[in-house]
Visitor: 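Below are the structure tokens for one structure; questions will follow.
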Amino acid sequence: MTNNKKTENNDPSQGKNKTDDAIIKIIGLHKWFGDFHVLKDINLEVKTQERIVICGPSGSGKSTVIRCINRLEEHQRGQIIVDGTELSNNLKHIEKIREEVGMVFQHFNLFPHLTILDNLTVGPIWVKKVPRKDAEELAMNYLEKVQIAEQAKKFPGQLSGGQQQRVAIARSLCMKPKVMLFDEPTSALDPEMVKEVLDVMINLAHEGMTMIVVTHEMGFAKSVAHRVLFMDEGMIVESNTPDQFFDHPEHERTKLFLSQILH
Amino acid sequence: MAITIPSQDHTDLKPPVTSIGAIGWIRSNLFNTWYNSLITLVVIYVLWQVIPPFIDWSLIKSNWTSSSAECHKSGGACWSIIHANIRFIIFGFYPPPEQWRPLTAMIILFTLLIVSRNRNWWSKNLLFAWFAGMMAMGLLMTGGIFGLAAVDSAQWGGLPLTLMLSVFGLTAAYPLGVILALGRQSRLPVIKSLTIVYIEMIRGVPLISLLFMSAIIFPLFLPEGVTFNKILRAQIAIIMFTAAYVAEVVRGGLQAMPKGQYEAADSLGLNYSQTMRLIILPQALKIVIPPTVSILISAFKDTSLVVIIALYDLLKTTQSTLSNPQWMGFSTEAYLFVAVIYFICCYFMSTWSRRLEEDLDTGR
């Protein structure tokens, strides 16, 4: 099902013994905001190293799905199991899952009172109890990886949007997550900065990171995703390989959506 | 018939004298419209009526060293009231041979305050120095060991009392206020409603009534024979009162924090106390520095209300000096002196806070 020429050889279905090992399992997930039924019976399995793009019109619940995975939103019915740990009200479980799941936000959400370096080290030092010196070394490695090491001593307010988003990605990576969630990472950026962020994400994909990306960047979906999900009105309407999804969409709603965003 | 050709001079001309320099500034700021000109003239007239007589009274015709009798004869200010009574004004009923002790305590306090102004010197050692300094101050004031004569707290008074009530009051009220603000934001209904009841009750009564309660009503509930230091009770009343106000200001700061900051901290796996300590409070407290300092300044001045429970703070010792027949009638001089002391302290707080704000600015 996840066979795609463009994704080179880190196709999860061919991975060692991981074939049956879904790192994220979402079973019969329902969520309400007050009386409003935002998520209706969501079922999704994500394998290790699998890359999934979720798209859909605004208000379709795509952000809410990934925000449920690290408990930024609480679900009311169904199960979410991340790396064998089920999300419940148990704080220990929530903290364990958050350690393993990184998240990148639309508005970066860097900590404006901390330097770039401190933004990156706060998680490792306080959550993983890494000694400061090691954490700073780790942070500098990741900053180099997102090509922003020379800004380490600056504050977020002194950086451009694209730079801030790259820092935000590096900040998540410093926690060595098993899964990365991206919530419209390029939507708040000026057009000329979208590419620098997408490049970082593509590199990450090539390194085999498990990723769930909510985005409208269809080029990114085509070249990087193993699977594209289309959501509408709180349901997963269609789930397919990028080739199938873009060339032969099955549902009318998908066709309409694609015709609207691909001019 | 000669035709004059205008000279082709291309050098830059200077602007007309009336639009630059002192004259220009005066024209554009003080006399730019007819009503501004009018206001300027009125203000100049009032200043002319007030300042020269004040200088005449306070400096030219003033007495600095003469006795009270000579003072009464001359029409000028009698500043000798200050230095004739300075020991009582500053130290109250503290036994005169021991007055070097509160003086040393105040010097320690001022040194610590001035050192703390420089944020580069903030460190664990400074915190330790504060702790040691507070212990030393307490020891100096109380005495009773190391050969120091014991001085009963009923004899404390004047500036050391004012400073002590303020410094301990404010340093204790601030963290308590922050905790109350966090409690008011709590998701646990019991904690939340308890803090709301506390804050609203305290804010609903004047400080004077709290001081009365601490001085008169509270001892009624204590078992016979148990006494509780009066200064300590006043101190607790001040802390409780100030904390409630600080709490509301801090709550404002917490509510101004974007939700994304909490979410980013959560998604990194930081727990509640880490999130608050490392991410939310540093930002929230920073944005409420100006209103917080207003509260602290007014709390500092409110410590003078302890006179109503018969504590001799700086204002009360000054007032007592004036009831001495020898010095009656020189209240203006005495109160001006006290006003200057209060002003210096408040001005210190306000510049300190402005500097802190500049230091913490990260260009958001």
Side-chain angles (χ1 to χ4, degrees), chain A residues 63 66-67 69-74 91-116 118-129 153-159 164 167-168 171-177 179-183 188, chain B residues 119-120 122-124 178 181-182 185-191 249-250 252-292 353-364:
Chain A
S63 288
I66 67 169
R67 287 163 61 84
I69 294 174
N70 67 352
R71 197 61 162 203
L72 292 183
E73 302 287 355
E74 201 174 324
L91 272 178
K92 284 263 170 311
H93 291 180
I94 296 175
E95 279 167 21
K96 180 170 181 291
I97 286 172
R98 283 175 175 168
E99 253 184 79
E100 292 180 359
V101 177
M103 183 148 195
V104 174
F105 300 88
Q106 182 177 2
H107 295 288
F108 334 132
N109 295 351
L110 294 179
F111 306 128
H113 63 302
L114 299 178
T115 62
I116 299 304
D118 289 340
N119 262 279
L120 267 68
T121 54
V122 67
I125 288 175
W126 292 95
V127 179
K128 298 213 153 172
K129 314 293 178 202
K153 293 283 168 213
K154 288 193 181 169
F155 287 98
Q158 297 164 311
L159 269 56
Q164 289 194 45
V167 171
R171 176 175 71 179
S172 284
L173 291 175
C174 278
M175 292 297 290
K176 304 235 164 99
V179 182
M180 283 285 281
L181 308 174
F182 292 84
D183 189 1
Chain B
R119 241 168 62 82
N120 298 328
W122 286 17
S123 62
K124 275 215 176 93
V178 171
L182 292 176
Q185 298 264 309
S186 171
R187 260 177 289 173
L188 306 172
V190 178
I191 293 180
V249 165
V250 171
L254 290 173
Q255 282 174 346
M257 291 304 300
K259 211 172 140 221
Q261 292 291 309
Y262 290 93
E263 292 181 348
D266 281 350
S267 70
L268 282 177
L270 295 170
N271 62 32
Y272 174 80
S273 81
Q274 290 167 337
T275 303
M276 286 301 162
R277 205 171 70 240
L278 302 167
I279 309 300
I280 303 300
L281 284 176
Q283 298 182 62
L285 295 182
K286 188 183 97 186
I287 51 179
V288 296
I289 286 176
T292 311
S353 80
R354 240 176 295 153
R355 187 159 153 177
L356 193 61
E357 266 182 277
E358 281 163 22
D359 285 353
L360 294 179
D361 184 26
T362 58
R364 179 175 181 156

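Chain naming here is simple, since letters A, B, ... match the order of the sequence lines and numbering starts at 1 in each. Since the model is a prediction, treat every value here as computed from it, not as a measurement.
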Visitor: Ignoring hydrogens and angles, tell me if any N or O in the side chain of A/N109 forms a donor-acceptor pair with the backbone of B/Q261 under 3.5 Å.
Guide: no
Visitor: With a 4.5 Å heavy-atom cut-off, do A/M175 and B/L268 have their side chains touching?
Guide: yes
Visitor: Give the minimum heavy-atom separation between B/N271 and A/E95, together with the two atoms involved.
Guide: CB-OE2, 3.6 Å
Visitor: Provide the closest heavy-atom pair for A/F105 versus B/A264 in the form atom of the first, atom of the second, distance.
Guide: CE1-CA, 3.7 Å
Visitor: Which atoms of A/V122 come close to chain B, meaning under 4.5 Å heavy atom to heavy atom: side chain ones, backbone ones, both, or neither?
Guide: both
Visitor: To the nearest 0.5 Å, how far apart are NZ in B/K259 and CG in A/L72?
Guide: 8.5 Å
Visitor: Could you tell me whether A/K176 atom NZ has more than 12 heavy atoms of other residues or ligands within 6.0 Å of it?
Guide: no
Visitor: Looking at A/K129, I'd like to know if its NZ atom is crowded, meaning that more than 12 non-hydrogen atoms belonging to other residues, nucleotides or ligands lie closer than 6.0 Å.
Guide: yes
Visitor: Would the distance check show the side chain of A/H113 and the main-chain N or O of B/L278 forming a donor-acceptor pair, the cut-off being under 3.5 Å?
Guide: yes
Visitor: Heavy-atom distances under 4.5 Å only: say whether B/E263 touches chain A with side chain, backbone, both or neither.
Guide: both
Visitor: Output the distance between atom OG (B/S267) and atom CG (A/D183), rounded to the nearest 0.5 Å.
Guide: 11.0 Å
Visitor: Could you check which of A/E100, A/H107, A/E99, A/R171 has the highest count of heavy-atom pairs closer than 4.5 Å to chain B?
Guide: A/R171
Visitor: When rounded to the nearest 0.5 angstrom, what distance separates CD1 in B/I279 from CH2 in A/W126?
Guide: 10.5 Å
